[in-house]
> 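Quick one: this structure, given as structure tokens, is what I'll be asking you about.
If you're wondering where the values come from, they're calculated on a predicted model, not measured in any experiment. Atoms within each ligand, like the ligands themselves, are counted from 1 in listed order.
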Amino acid sequence: MINLRGRDIISSLDFDRETLEHLFNEADKIREELRSRSILDYCHGKIMITVFLEPSTRTRLSFQFAMIKLGGIVVDFGLEQAASIAKGESFEDTIRMVDGYDPDIIVVRHKEPGSALRAAEIAVRPVINAGDGWNEHPTQALLDLYTIKRELGRIDNITIGIMGDLKYGRTPSSLSYALSKFENVKIIYIAPRELQIRREVLEKIDGLVEWKMVERVEEVIERLDVLYVTRLQKERFTDLSEYERLRGSYQISLNLLSKFKKIPIIMHPLPRVDELSTDVDSLPQAKYFTQAENGVYIRAALIKEVLGA
Ligand code: NCD
């Protein structure tokens, strides 16, 4: 198992299987302890700063809730400060400044791939990547795997369809890397050809998971244990007419799902736009809100380990 104390968390390739399983167990324990107490004292006197320079709802909030529930203190970099970046301050200067205030942990999101690693090289304090452009989102992968484990009882021997914008999405890549730490996992990438999974992702998982690409979900749905849906990453399209052409090229609806004998559990990192209709929410297989809730416990487990608390 990897000792996470003081470490930067940049990629889901940074974890091994034992560490992932340890984090799932810790998350379960924290969940249990929070049933009888609303705030624990693992991180008493510790400070986390969240520096989100791209929009975020769940990731930022669940990191903040996680730290507060562990008894720690949260400082948010805030939109006003982000405005001084608009004045021309570089990302590097921002990180150097934030690190100088001496927080115990820095959570960072930025639109450029590789930005989290750059932040980690600058900062003395541990940096957690909360999304670096289209590259990676390792803590989302943690909560995705944690949800699969809780819902199916296993991560080994599963077939998962990862669908949507696999080219510009960072959750499909981080999820694929994390899944590659388990046994006999099959990933089916479901996307129009223009949005298929990036080559570099396949290179990193090749030989560790069995993968294939298809264009239509109907071809494979009954074979899946999990269908992981993602939205088109509109903000990353260089050509908005391409976005308009591709949006609506796939949509999971109750009508579509009801055509099949077997419906897998449905996951989504959220936010959803057109690709997942709200009429799916009533199905027992719809797990995306549970998935978001799980984010608090697994992020708490991660913070606790990184702080050695
Ligand atoms: C994802 C992200 O930011 O990459 N959202 C999240 O963290 N839950 C997915 C997305 O924005 O589509």
> Any chance the side chains of Glu21 and Asn25 put a donor and an acceptor closer than 3.5 Å?
no
> For the residue pair Phe24 and Phe182, does the interplanar ring angle fall in the parallel (under 30°), tilted (30 to 60°) or perpendicular (over 60°) class?
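Phe24 and Phe182: parallel rings.
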> How long is the span from the CZ atom in Arg299 to the CD atom in Gln140, to the nearest 0.5 Å?
6.0 Å
> Check the side chains of Asp144 and Thr147 for a donor-acceptor pair under 3.5 angstrom, ignoring hydrogens and angles.
no
> For ligand 1, would you mind listing the residues that have at least one heavy atom less than 4.0 Å away, ordered by chain and number?
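Near ligand 1, by chain and number: Thr59, Arg109, His137, Gln140, Arg170, Thr171, Arg231, Gln233, Pro269, Leu270, Pro271.
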> Any ion pair linking Lys111 and Glu235 (charged N to carboxylate O, less than 4.0 Å)?
no
> When you check the side-chain N and O atoms of Asn184 and Asn157, is any donor under 3.5 Å from an acceptor?
yes
